[in-house]
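Take a look at the structure below.
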Amino acid sequence: MAENYHIPVLLNESIEGLNIADNGIYIDATFGGGGHSRAIVSKLKTGHLFGFDQDSDAKANTIDSENFTFVYHNFAYVKNFMQYYNIPAVDGILADLGVSSHHFDDAQRGFSFRFDAPLDMRMDRSVKKSAYNIINEYDEQELTKIFKMYGEIANARRLAQEIISNRTGAPIKTTDELKKIGQKFCNPQTESKYLSQIFQALRIEVNNEMQALQEFLQGGLSVLRPGGRFVVITYHSLEDRMVKNFFKTGNIEGDVDQDFFGNVKAPFTAVSKKVIVPSNEEIQRNNRARSAKLRIVEKNG
Ligand SMILES: C[S@@+](CC[C@H](N)C(=O)[O-])C[C@H]1O[C@@H](n2cnc3c(N)ncnc32)[C@H](O)[C@@H]1O
């Protein structure tokens, strides 16, 4: 694996949560640096792991094992790919959502306000829409919506208006230009949090993250065998809410479905009653683990 690509978060807890059988079939929906995948493959004898990632950089970390297949695709299509590989059902699915350290640390990708770079933020660089298109082409309403929804930014409309007034003469091309606009709305104490919210909102929109997660959860439910485990690590409240609702009710809104007798129709049973978070020791060792939340469920029969 490329050095410093990514340190896996909640590694032992999530692998334990999968309850791996050495002849089982598993999916790692977010291969990245392959840290979780390597731990899974090390527990397999005749079993198999399919590792998905939509970023071509992740291919370089692939695992040289007959028990492993790298799938260079969006996890939204997990069901289609299991059909393609002739796998009727899998024993466990893991997802460690969002971007990897590699994305933040590779200056040229434009994910971080720590570096000046072209506005990009695409995990999958074969798609057309980048952060540049959003910042320069979305209207005030669309910009306000993404900053409010995905960045939970209080003065989203004023920020959107400032972006639009800055792009009238010439397009906004770089992370530094965007950072300077953001800095007008915060002070040195709040700057890092505020800029992170702007960059997070943009990244979620560029990569269509909430839509992909919804499709993945639905696809995952349909390919998981009864008794199989679904293990998901989230990093912000929007994705955590979606996963929590889905695990409780089978839909992302969290609407409880009842049968004729009033019994709740739940697709899963929680394995860990409470959400699992990293220890202080892990957070000290790996600051990027600080917002992680792990949820583990088992599919009902
Ligand atoms: C947090 S990292 C996973 C790190 C990995 N668990 C490890 O131990 O190295 C998330 C990875 O998922 C990928 N990813 C995010 N959304 C995706 C999607 N919709 N489809 C496929 N891959 C995705 C990213 O490109 C990134 O490499």
Side-chain angles (χ1 to χ4, degrees), residues 1-18 26-43 49-63 68-82 92-106 109-112 120-127 129-130 150 200 202-220 223 231-236 238-240 242-243 278 282 285-294:
M1 180 183 62
E3 219 182 312
N4 300 329
Y5 197 97
H6 188 81
I7 303 171
V9 170
L10 288 164
L11 181 61
N12 295 335
E13 296 86 341
S14 54
I15 299 301
E16 220 170 90
L18 276 175
Y26 297 89
I27 293 171
D28 178 352
T30 52
F31 179 76
H36 286 95
S37 279
R38 274 185 186 76
I40 298 169
V41 169
S42 74
K43 289 181 177 285
L49 173 68
F50 293 89
F52 283 70
D53 207 295
Q54 63 175 334
D55 184 349
S56 58
D57 286 359
K59 282 184 199 168
N61 307 321
T62 192
I63 303 171
F68 180 74
T69 302
F70 182 80
V71 187
Y72 170 43
H73 275 285
N74 195 308
F75 59 45
Y77 305 115
V78 75
K79 187 178 170 191
N80 311 47
F81 278 94
M82 288 308 104
I93 303 174
L94 168 78
D96 174 21
L97 297 172
V99 284
S100 65
S101 301
H102 171 72
H103 290 124
F104 286 126
D105 295 340
D106 182 346
R109 303 288 298 263
F111 283 97
S112 172
D120 189 336
M121 301 195 191
R122 288 168 303 163
M123 290 187 222
D124 175 357
R125 282 164 289 180
S126 70
V127 301
K129 188 166 75 179
S130 70
Y150 300 150
Q200 172 182 295
L202 261 179
R203 189 202 89 200
I204 293 174
E205 178 69 7
V206 169
N207 296 289
N208 204 10
E209 289 182 36
M210 301 317 293
Q211 180 72 29
L213 177 56
Q214 180 178 348
E215 287 169 22
F216 163 66
L217 291 169
Q218 286 157 343
V223 297
V231 175
V232 180
I233 305 172
T234 64
Y235 293 88
H236 58 79
L238 289 172
E239 56 188 19
D240 188 55
M242 195 181 264
V243 172
E282 176 168 2
R285 196 165 26 87
N286 178 14
N287 189 41
R288 283 183 179 149
R290 69 192 181 282
S291 49
K293 285 186 176 162
L294 167 65

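All values derive from a computational prediction rather than experimental measurement. For ligands, and for the atoms within them, numbers begin at 1 and follow the listed sequence.
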Test side-chain contact (heavy atoms from CB on, under 4.5 Å) applied to L97 and F75, step by step: CA-CA 10 Å; L97 297 172; F75 59 45; 3.9 Å; yes
Proximal ligand 1 atoms for P8, defined as those under 4.0 Å from one of its heavy atoms: 8 (O)
Cation-pi, Y72 ring and K59 (6.0 angstrom, 45 degrees): yes
Region of N207 that comes within reach of ligand 1 [heavy atoms, distance under 4.0 Å]: neither
Any H102 heavy atom less than 4.0 Å from ligand 1: no
Where ligand 1 meets D55 - atom numbers and elements under 4.0 angstrom, heavy-atom basis: 25 (O)
Proximity of Q54 to ligand 1 by residue part, where a heavy atom lies under 4.0 Å: both
N or O pair under 3.5 Å between H6 and ligand 1: no
Non-hydrogen atom of Y5 closer than 4.0 Å to ligand 1: no
Close approach, A58 and ligand 1, non-hydrogen under 4.0 angstrom: no
Proximal atoms of ligand 1 relative to H103 (non-hydrogen, under 4.0 Å): 24 (C), 25 (O), 26 (C), 27 (O)
Polar contact flag for G35 and ligand 1 (N/O pairs, less than 3.5 Å): yes
Check against side-chain contact (heavy atoms from CB on, under 4.5 Å), R288 and I7: CA-CA 9 Å; R288 283 183 179 149; I7 303 171; over 6 Å; no
Numbering as shown, the atoms of ligand 1 that approach G32 to under 4.0 Å (heavy-atom distance): 9 (O), 27 (O)
Atoms in ligand 1 flagged as close to T30, the criterion being non-hydrogen separation under 4.0 Å: 3 (C), 4 (C), 5 (C), 6 (N), 10 (C), 11 (C), 12 (O)
Element-labelled atoms of ligand 1 that are located less than 4.0 Å from some non-hydrogen atom of H73: 20 (N), 21 (C)
is_close_aromatic(H73, F52), centroid dist under 6.0 Å: no
Under-4.0 Å salt bridge between R109 and D55: yes
Electrostatic pair D57-R125, nearest N-O below 4.0 angstrom: yes
Geometric N/O contact D28 with ligand 1, under 3.5 angstrom: no
Heteroatom proximity flag, G34 to ligand 1, N/O under 3.5 Å: yes
Check: G33 N/O within less than 3.5 Å of ligand 1 N/O: yes
contact_flag L97 ligand 1 heavy-atom lt 4.0 Å: yes
Residues forming a salt bridge (charged side-chain N to carboxylate O under 4.0 Å, His left out) with D120, sequence neighbours excluded: R122
F216 contact mode with ligand 1 (heavy-atom cut-off under 4.0 Å): neither
Heavy-atom donor-acceptor pair, H36 side chain to V9 backbone, under 3.5 Å: yes
Minimum side-chain heavy-atom gap I40-L94 below 4.5 Å: yes
Expected output: side-chain H6 to main-chain S101 donor-acceptor under 3.5 Å: yes
Side chain T30, main chain A95, donor-acceptor under 3.5 Å: no
Greater than 12 external heavy atoms within 6.0 Å of E16's CD: no
Geometric N/O contact S100 with ligand 1, under 3.5 angstrom: no
Identity of the nearest option to atom 27 (O) of ligand 1, non-hydrogen atoms only, from N208, L94, D53, N74: D53
Sub-4.0 Å atoms of ligand 1 with respect to non-hydrogen atoms of F31: 5 (C), 7 (C), 9 (O)
A212, any N or O under 3.5 Å of ligand 1 N or O: no
Geometric N/O contact Y235 with ligand 1, under 3.5 angstrom: no
D96 N/O under 3.5 Å from ligand 1 N/O: yes
is_close_aromatic(F68, F31), centroid dist under 6.0 Å: yes
side-chain contact (heavy atoms from CB on, under 4.5 Å) evaluation trace for D28 with F50: CA-CA 6 Å; D28 178 352; F50 293 89; over 6 Å; no
Sub-4.0 Å heavy-atom approach of E209 to ligand 1: no
Scan the side chains in residues 204-216 for donor-acceptor partners under 3.5 Å anywhere in the protein, sequence neighbours excluded, and list what turns up.
{"residue": "E205", "atom": "OE2", "partner": "Y138", "partner atom": "OH", "Å": "2.5"}
{"residue": "N207", "atom": "OD1", "partner": "M123", "partner atom": "N", "Å": "2.8"}
{"residue": "N207", "atom": "ND2", "partner": "M121", "partner atom": "O", "Å": "2.9"}
{"residue": "N207", "atom": "ND2", "partner": "R203", "partner atom": "O", "Å": "3.0"}
{"residue": "E209", "atom": "OE1", "partner": "R203", "partner atom": "NH2", "Å": "2.9"}
{"residue": "E209", "atom": "OE2", "partner": "R203", "partner atom": "NE", "Å": "2.8"}
{"residue": "E209", "atom": "OE2", "partner": "R203", "partner atom": "NH2", "Å": "3.4"}
{"residue": "Q211", "atom": "NE2", "partner": "E215", "partner atom": "OE2", "Å": "2.7"}

